[in-house]
Amino acid sequence: MSLAAQEESRPRIDIGQLPEGVRVRLLGRWTAGNLANRDNWQALQHSLGALPQDWRTCHWDLRELQRMDHVGAQLLWNAWYRQWPDTVYTLAAQRALLERIAQFSSVLPPRRPQTLWDWVLRGGALVIRVQGHLVDAVGLIGQLLLDMVKLLRAPRNGPWRDISGNLYRIGATALPITALVGFLIGVVLAYLMAQQLRQFGADAFIVDILGISLIRELGPVLAAILIAGRSGSAITAQIGVMRVTEELDAMKVMGIPQGFRLVLPRAIAMAVAMPLLSVWTTLAALSGGVLAADVVLGLTPGYFVTALAKVVLVSNLWLAVGKSVVFGLLIALIGCHYGLRIKPNTQSLGEGTTASVVTSITMVLLVDALFAVVFKDIGI
Amino acid sequence: MTGSLAATPAWVPSPVVEIRGLCTVFRTDGVDAQIHKNLDLHIERGELLSIVGGSGSGKTTLLRLMLGLESPMGGSVDVLGRPAVELTTSGAASRVGMLFQQGALYSAFTVLENIAFPLRELKSLPDDLVRDAVMVKLQMVGLDPAHAHKMPADLSGGMIKRVALARALIMDPPLLLLDEPTAGLDPDRSDAFCTLLRSLHQELGLTVVMVTHDLDTIYEISTRVAVVADKRVIVDAPPKEVIQFDHPFVREFFLGGRGLRAQELLRLHPDAG
């Protein structure tokens with residue numbers, strides 16, 4: 001648009017003196033896009049504020065306007081304090097526009113003000129929500145147990161296809177990332193410890209420290225946190241989208257039990273994949289540790305492996321595998337729990353997925369602490 | 001219908017939509033499927049055009065091309081005198097309004113916020129002016145102001161369509177596109193929605209393009225009907241002339257059992273609409 005045309009389209013008013021009285025001419029383009037220009041808006045506000053006191057008796061002339069839309073008309077109507085001036089010259093379309101604004105201009109009904117009672121109700125709603133979570137969680141676990149029994153009684157009717165599919169998605173596709181993270185943690189941990197141990201001349205103890213910490217704690221927890229972020233969120237989002245697209249309802253209508261077809265396969269796949277991934281992550285971390293020990297302390301890999309077998313009891317490995325199974329079940333159940341509670345809108349989907357990941361990571365760490373306390377006499 | 005043409009603002013270029021030599025090919029599983037071949041369509045200012053065609057004939061694709069959501073593989077699609085792909089840049093809401101089949105309301109926003117969204121995106125209009133503008137549009141589409149604070153999840157299908165229509169019209173675009181506007185509405189609501197569309201078309205001087213299967217809608221409100229078959233627009237004329245066009249799809253669609261029943265109803269109750 002050329003500069004002259006831009007100047008011409010600027011929404012503005014022009015006040016002039018006629019023999020019969022004051023004339024107010026509206027000029028330019030009174031459209032939302034044009035009014036939203038900050039300079040235009042300020043200039044127009046300024047001149048609207050400077051209207052003569054007797055604006056009602058002025059002669060308003062809208063006929064030279066280039067264009068006027070509903071927002072522009074609304075602005076004018078509000079400047080008129082929502083009533084017609086005595087004399088207005090308009091084109092037919094402008095008149096219709098303003099009449100429509102006049103007819104429909106109504107004040108937005110205010111939101112109901114908050115009272116103390118609303119806070120009481122909100123507290124009650126919170127209690128009910130917590131109760132709902134508990135009831136749902138107990139129901140989910142109970143249903144999973146029943147479905148397990150059903151599966152054991154008639155293994156041929158089990159959802160094996162779903163189980164193997166989930167096993168692949170949760171387990172196999174997570175191998176590269178867990179290996180990478182595990183290896184890096186192993187290297188960093190071994191390097192830092194080697195620096196400290198060398199000061200005491202206790203180089204050989206790096207095998208004990210790395211062995212116990214990686215096999216017993218870090219391997220399983222690291223894998224569980226990674227999988228909670230990776231697959232726990234996926235489970236929630238998947239089931240949540242099924243709710244949004246009414247697939248869950250479609251399953252119900254066909255008489256397909258949700259627990260048996262959605263929760264059970266994911267729980268089993270998680271329970272199988274998690275210990276395997278945990279061992280895999282531990283191995284990657286140990287190999288990182290071996291590498292760092294070799295480079296920094298000069299401990300050969302051969303020595304590391306023989307020493308590891310002597311100083312770390314096998315019960316540590318069993319403990320790690322055992323708690324990984326629990327972590328896996330927890331992540332799957334929490335993912336399904338939040339997925340099934342999602343309401344059919346996008347906001348709920350996002351909130352549910354976030355809550356699922358946060359809850360499962362917190363629960364993994366809590367349960368890990370529980371394991372540490374209960375089994376404190378084993379393997380050390 | 002001539003009254004509506006007179007009300008159309010003079011600054012809107014005509015033809016509003018101009019499609020020339022459009023070719024579209026979809027590739028699925030390595031197989032090419034030609035959807036449009038040398039398709040031409042001109043939509044004049046102030047028209048209320050229905051696009052009719054069998055499933056998979058590329059009607060919705062045609063709408064998406066006009067909206068600039070997809071770019072033409074061959075030929076050109078011009079809307080308001082400029083290529084359609086330029087539409088999706090900023091300020092698009094003041095050029096074209098679109099009513100999606102499911103409404104496509106932002107589910108995290110209230111009705112008020114949904115309708116106000118394009119205006120608030122301009123950043124500098126004060127909140128009270130935006131609210132006033134929204135309340136006018138809300139009542140223009142026949143909704144009660146009391147619904148302003150509701151969430152989309154709490155609305156019925158008909159109300160969702162009305163809110164979506166109010167949102168499409170908030171910037172007063174001269175061109176309104178509708179995808180199956182009456183799908184999923186019961187006959188009463190569908191009639192009411194048609195009446196609303198016709199009155200908005202006349203009052204605001206809109207150019208309306210809609211894809212529809214609903215014969216009642218076609219007879220009741222369209223000024224022209226474009227039939228898409230054989231990968232092109234086979235006929236583009238007022239409804240009465242389209243019925244007489246000799247083509248298997250036209251015969252099947254308009255003169256099949258359902259079509260005849262709709263015509264019969266119109267004869268019995270000529271003032272039903």
Side-chain angles (χ1 to χ4, degrees), chain A residues 9 11 29-42 44-45 48 65-79 82 91-112 244-246 342-351, chain B residues 3 6-12 90-95 105-110 112 116 118-149 151-154 166 169-174 200 202-205:
Chain A
S9 71
R29 256 185 225 173
W30 286 50
T31 58
N34 224 18
L35 289 168
N37 178 307
R38 223 165 275 270
D39 295 337
N40 286 350
W41 177 258
Q42 271 163 8
L44 190 60
Q45 278 300 313
L48 280 176
L65 276 175
Q66 287 182 352
R67 220 189 280 179
M68 181 185 239
D69 68 1
H70 280 81
V71 175
Q74 184 78 49
L75 180 66
L76 181 64
W77 186 248
N78 290 0
R82 305 189 174 210
L91 304 176
Q94 292 169 341
R95 169 72 64 168
L97 186 64
L98 281 165
E99 271 167 3
R100 205 155 43 233
I101 299 278
Q103 181 193 349
F104 288 135
S105 258
S106 62
V107 185
L108 177 69
R111 282 170 188 269
R112 218 164 43 80
V244 175
T245 54
E246 296 181 320
I342 281 173
K343 293 186 191 65
N345 63 66
T346 46
Q347 179 133 14
S348 170
L349 189 61
E351 282 168 4
Chain B
T8 307
W11 57 269
V12 180
S90 68
S94 60
R95 294 194 286 274
L105 296 181
Y106 303 118
S107 57
F109 292 166
T110 63
L112 176 83
L119 282 182
R120 290 210 170 133
E121 276 306 284
L122 295 173
K123 303 288 186 207
S124 52
L125 292 178
D127 234 23
D128 49 351
L129 182 67
V130 170
R131 271 203 302 273
D132 288 339
V134 169
M135 294 318 281
V136 168
K137 285 280 151 64
L138 196 64
Q139 293 173 81
M140 269 172 66
V141 297
L143 283 174
D144 194 88
H147 296 308
H149 293 306
M151 299 303 285
D154 304 329
L169 292 175
I170 188 67
M171 299 277 281
D172 287 344
L200 287 176
Q202 278 170 356
E203 281 174 30
L204 305 179

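Proteins come first, then strands; the chains are lettered A, B, ... in the order of their sequence lines, and each starts at number 1.
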Next item on the list: Can you sort out the partners of A:Thr31 under side-chain hydrogen bond (donor to acceptor under 3.5 Å, both in side chains), two or more places apart, ordered by chain and number?
Entry: none

Note to self: What part of B:Met151 gets within 4.5 angstrom of chain A, counting heavy atoms only: side chain, backbone, both, or neither?
What the structure shows: neither

Item checked: Point-to-point distance, once rounded to the nearest 0.5 Å, from CG of B:Asp132 to CD of A:Gln74 -> 4.5 Å

Checklist line | Polar side-chain atom of A:Asp69 near backbone of B:Asp172 as donor-acceptor pair, under 3.5 Å | finding: no

Notebook entry, point to check: Is it the side chain or the backbone of A:Ala96 that comes within 4.5 Å of chain B heavy atoms, both, or neither?
Noted result: neither

Margin query: Nearest 0.5 angstrom please: A:Phe104 CZ to B:Met140 CE, how far?
Written below: 7.0 Å

Margin query: Within a 6.0 Å radius of atom CD on B:Glu121, are there more than 12 heavy atoms belonging to other residues, nucleotides or ligands?
Written below: yes

Item checked: Under 4.5 Å from a heavy atom of chain B, the part of A:Asn78 involved -> side chain

Margin query: Counting C-beta onward and ignoring hydrogens, is there a side-chain heavy-atom pair between A:Gln103 and B:Gln139 closer than 4.5 Å?
Written below: no

Margin query: Is there a side-chain contact between A:Trp77 and B:Val136 in this structure, where contact means two heavy atoms from C-beta onward sitting under 4.5 Å apart?
Written below: no

Next item on the list: State which residues pass side-chain hydrogen bond (donor to acceptor under 3.5 Å, both in side chains) with B:Asp144; sequence neighbours excluded, sorted by chain then number.
Entry: none

Check: Can you name the closest pair of heavy atoms from B:Leu125 and A:Ala32 and give their distance?
Finding: CD1-O, 4.4 Å

Margin query: Distance check, rounded to the nearest 0.5 Å: A:Gln42 atom CD versus B:Ser124 atom OG?
Written below: 9.0 Å

